[in-house]
Amino acid sequence: MKIKLGSDELESSVSKERLSDRLDRKEIVRGTALTITGGFLWGLAGVFGKYSFEYKGVMAPWLVNVRLIIAGIILLMRAYMVQKNGIFRIWKNKRHMLRMLVYGVIGIAGCQMTYYMAVQDSNAGIATVLQYTAPVMIMVLLAIRNWKLPEGNEILALVLAFGGTVLLATHGNLTQLSVSKTTLVLGLASAVATVFYNLVPGNLMDIYGTFSMVGWGMLISGIGLTPFVQPWTMVGDILWDWQCVGCIAVVIIFGTVMSFSCYMEGVRLIGGSKASLFASVEPLTATVMSVLFMHVAFSGMDLAGFVGIIAGVIILSLPKKKK
């Protein structure tokens with residue numbers, strides 16, 4: 001009887017391990033799918049934004065202003081469902097409140113405004129890829145701050161990203177630009193703002209919740225932009241039809257709320273490193289969709305530049321080997 005009992009216990013233990021492995025695999029698959037979906041929706045938002053600029057008379061400042069306010073309200077409503085009045089805690093700490101304001105104004109508003117203005121001046125593919133130099137900027141900044149030389153893979157990522165940017169901007173001819181100065185400056189400015197977006201919050205998202213922090217950042221930055229943008233003065237210039245409304249809805253709902261929700265759930269399931277790796281589908285989506293729907297023609301040099309920048313980001317996203 002004892003031998004029989006031991007055998008049953010062993011069989012039960014093996015069965016539980018197999019079940020646990022299956023559940024883990026399901027979570028990895030689900031997290032991967034959600035992260036890729038988030039990156040895909042972010043890339044799609046840029047293309048739909050470009051369509052509204054090109055054919056519907058929408059201006060980038062108007063879209064960003066409206067997007068931040070509406071998306072901020074939706075994210076705060078989602079956060080309230082979980083945290084209740086806890087979403088207001090950050091307003092009780094002056095130091096944290098100041099950081100949140102800097103995060104919203106420079107990180108969120110700065111990133112969104114410069115990105116969509118670059119999209120308006122060029123296309124979603126180029127603007128997104130230029131913005132994707134941000135991880136390399138973060139790596140360089142942290143290396144300088146910590147007085148630590150970059151490792152081999154980080155140097156390779158820096159060379160690839162820098163080389164890709166040069167190819168994209170000059171097509172190999174250093175005496176002239178292949179993209180407008182406005183696009184180049186705005187695209188790289190959006191990358192700098194993305195650095196603020198990633199580094200300024202620090203541990204505030206752990207303390208107050210990610211959706212609460214991002215929701216407040218979007219709402220406050222959107223309200224702050226309103227007196228300067230004056231979106232009500234631009235409404236009459238927009239060609240309002242179902243296509244226009246659909247584009248704006250995609251940018252706000254799918255390209256902000258759903259994309260962010262999918263990505264953050266993916267981070268929870270598979271971790272930040274893997275999530276950022278799979279989210280690299282964003283510039284690929286923006287590029288492919290620009291070709292398919294906006295009929296943008298990219299040269300071989302453009303594509304080589306894209307590959308260099310994206311490869312650099314992927315290298316930085318790969319987990320480091322344990323020493």
Side-chain angles (χ1 to χ4, degrees), residues 39 42-47 49-51 53-54 59-61 64 106-107 110-144 150 153-198 276 279-317:
W42 272 323
L44 203 63
V47 179
K50 177 63 175 179
Y51 183 88
F53 302 151
E54 195 84 14
M59 299 297 290
V64 171
I106 300 178
C111 172
Q112 293 296 309
M113 187 63 77
T114 51
Y115 170 74
Y116 275 100
M117 288 180 71
V119 170
Q120 182 173 295
D121 191 66
S122 58
N123 60 73
I126 288 178
T128 304
V129 171
L130 285 173
Q131 188 186 55
Y132 251 64
T133 58
V136 180
M137 292 182 183
I138 292 173
M139 180 268 292
V140 172
L141 183 63
L142 292 178
I144 294 172
N153 64 323
E154 294 174 332
I155 293 173
L156 176 60
L158 177 61
V159 171
L160 285 170
F162 180 76
T165 304
V166 171
L167 278 178
L168 188 62
T170 68
H171 283 184
N173 184 354
L174 300 180
T175 62
Q176 64 182 19
L177 291 174
S178 59
V179 297
S180 72
K181 290 181 181 179
T182 303
T183 295
L184 186 61
V185 170
L186 287 171
L188 293 177
S190 72
V192 172
T194 302
V195 173
F196 279 86
Y197 177 88
N198 281 275
S276 61
S280 296
V281 73
E282 179 188 353
L284 179 62
T285 300
T287 301
V288 172
M289 291 299 178
S290 293
V291 172
L292 293 179
F293 294 105
M294 299 301 297
H295 308 295
V296 175
F298 294 107
S299 69
M301 286 292 188
D302 288 328
L303 297 177
F306 290 175
V307 170
I309 293 171
I310 296 170
V313 173
I314 290 175
I315 289 171
L316 289 179
S317 302

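Here the structure is a predicted model, which means the values were calculated and not measured.
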Visitor: Would you call Tyr132 and Glu282 a side-chain contact if the rule is heavy atoms closer than 4.5 Å?
Guide: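 Side-chain contact under 4.5 Å: yes.
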
Visitor: Nearest heavy-atom pair of Pro150 and Ala143: which atoms, and what distance?
Guide: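 Shortest heavy-atom separation between Pro150 and Ala143 comes out as CG-CB, 4.3 Å.
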
Visitor: I want to check something: taking the side chain as every heavy atom from C-beta on, are Ser290 and Phe298 in contact at a cut-off of under 4.5 Å?
Guide: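 Yes; the side chains approach each other to less than 4.5 Å.
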
Visitor: What's the separation between atom NZ in Lys181 and atom CG in Leu186, rounded to the nearest 0.5 Å?
Guide: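 Going from the NZ atom of Lys181 to the CG atom of Leu186 covers 14.0 Å.
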
Visitor: How far apart are the closest heavy atoms of Lys50 and Gln120, and which atoms are they?
Guide: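 Scanning both residues, the minimum pair turns out to be NZ-O, 3.1 Å.
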
Visitor: Can you see which heavy atom on Met294 is nearest to which on Val47, and at what distance?
Guide: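 Minimum heavy-atom separation between Met294 and Val47: CG-CG1, 4.0 Å.
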
Visitor: How long is the straight-line distance from CG of Leu177 back to CG of Leu168, given to the nearest 0.5 Å?
Guide: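 Taking CG in Leu168 and CG in Leu177, the distance rounds to 10.5 Å.
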
Visitor: If I take atom OG1 from residue Thr165 and atom CD1 from residue Ile309, how far apart are they, to the nearest 0.5 angstrom?
Guide: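 Nearest 0.5 Å value for the OG1-CD1 distance: 3.5 Å.
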
Visitor: Can you confirm whether more than 12 heavy atoms, excluding those of Met117, are under 6.0 Å from its CE atom?
Guide: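 No - once you tally the heavy atoms of other residues, nucleotides and ligands closer than 6.0 Å, there are 12 at most.
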
Visitor: Could you list the residues that satisfy side-chain contact (heavy atoms from CB on, under 4.5 Å) with Leu167, not counting sequence neighbours?
Guide: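 Testing Leu167 for side-chain contact (heavy atoms from CB on, under 4.5 Å), a comparison that skips the adjacent residues, returns Met301, Ala304.
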
Visitor: Assess the side chains of Asp302 and Ser299: does a donor N or O sit below 3.5 Å from an acceptor N or O?
Guide: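 Side-chain D/A pair, Asp302 to Ser299: present.
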
Visitor: Could you work out, with side-chain contact (heavy atoms from CB on, under 4.5 Å) as the rule, every residue matching Ser190, not counting sequence neighbours?
Guide: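 Ser190 satisfies side-chain contact (heavy atoms from CB on, under 4.5 Å) with Thr114, Tyr115, Gln131 only.
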
Visitor: Only one of Leu184, Val179, Thr287 passes side-chain contact (heavy atoms from CB on, under 4.5 Å) with Ile126; say which it is.
Guide: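 Among Leu184, Val179, Thr287, the one meeting side-chain contact (heavy atoms from CB on, under 4.5 Å) with Ile126 is Val179.
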
Visitor: Would you say the side chain of Ser180 lies within less than 4.5 Å of the side chain of Asp121, judging by non-hydrogen atoms?
Guide: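 Of all side-chain heavy-atom pairs linking Ser180 with Asp121, at least one is under 4.5 Å.
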
Visitor: State the CG-CD1 distance between Leu160 and Ile315, to the nearest 0.5 angstrom.
Guide: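 It is 5.0 Å, given to the nearest 0.5 Å.
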
Visitor: Indicate the atoms forming the closest heavy-atom contact of Val119 with Ala127, along with that distance.
Guide: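 Closest heavy-atom pair between Val119 and Ala127: CG2-CB, 3.6 Å.
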
Visitor: Of all residues at least two apart in sequence or in a different chain, which pass the side-chain contact (heavy atoms from CB on, under 4.5 Å) check with Ile138?
Guide: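 Only Leu142, Val195, Asn198, Leu199 meet the side-chain contact (heavy atoms from CB on, under 4.5 Å) criterion with Ile138.
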
Visitor: So which atom in Ala157 and which in Leu316 form the shortest heavy-atom distance, rounded to 0.1 Å?
Guide: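 That closest heavy-atom pairing would be CB-CG, 3.7 Å.
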
Visitor: How close do Gly110 and Ala193 get, heavy atom to heavy atom, and via which atoms?
Guide: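 Looking at all heavy atoms of both residues, the closest pair is C-CB, 3.6 Å.
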
Visitor: Which distance, rounded to the nearest 0.5 Å, do you find between the OG1 of Thr194 and the CD1 of Ile106?
Guide: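 Going from the OG1 atom of Thr194 to the CD1 atom of Ile106 covers 13.0 Å.
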
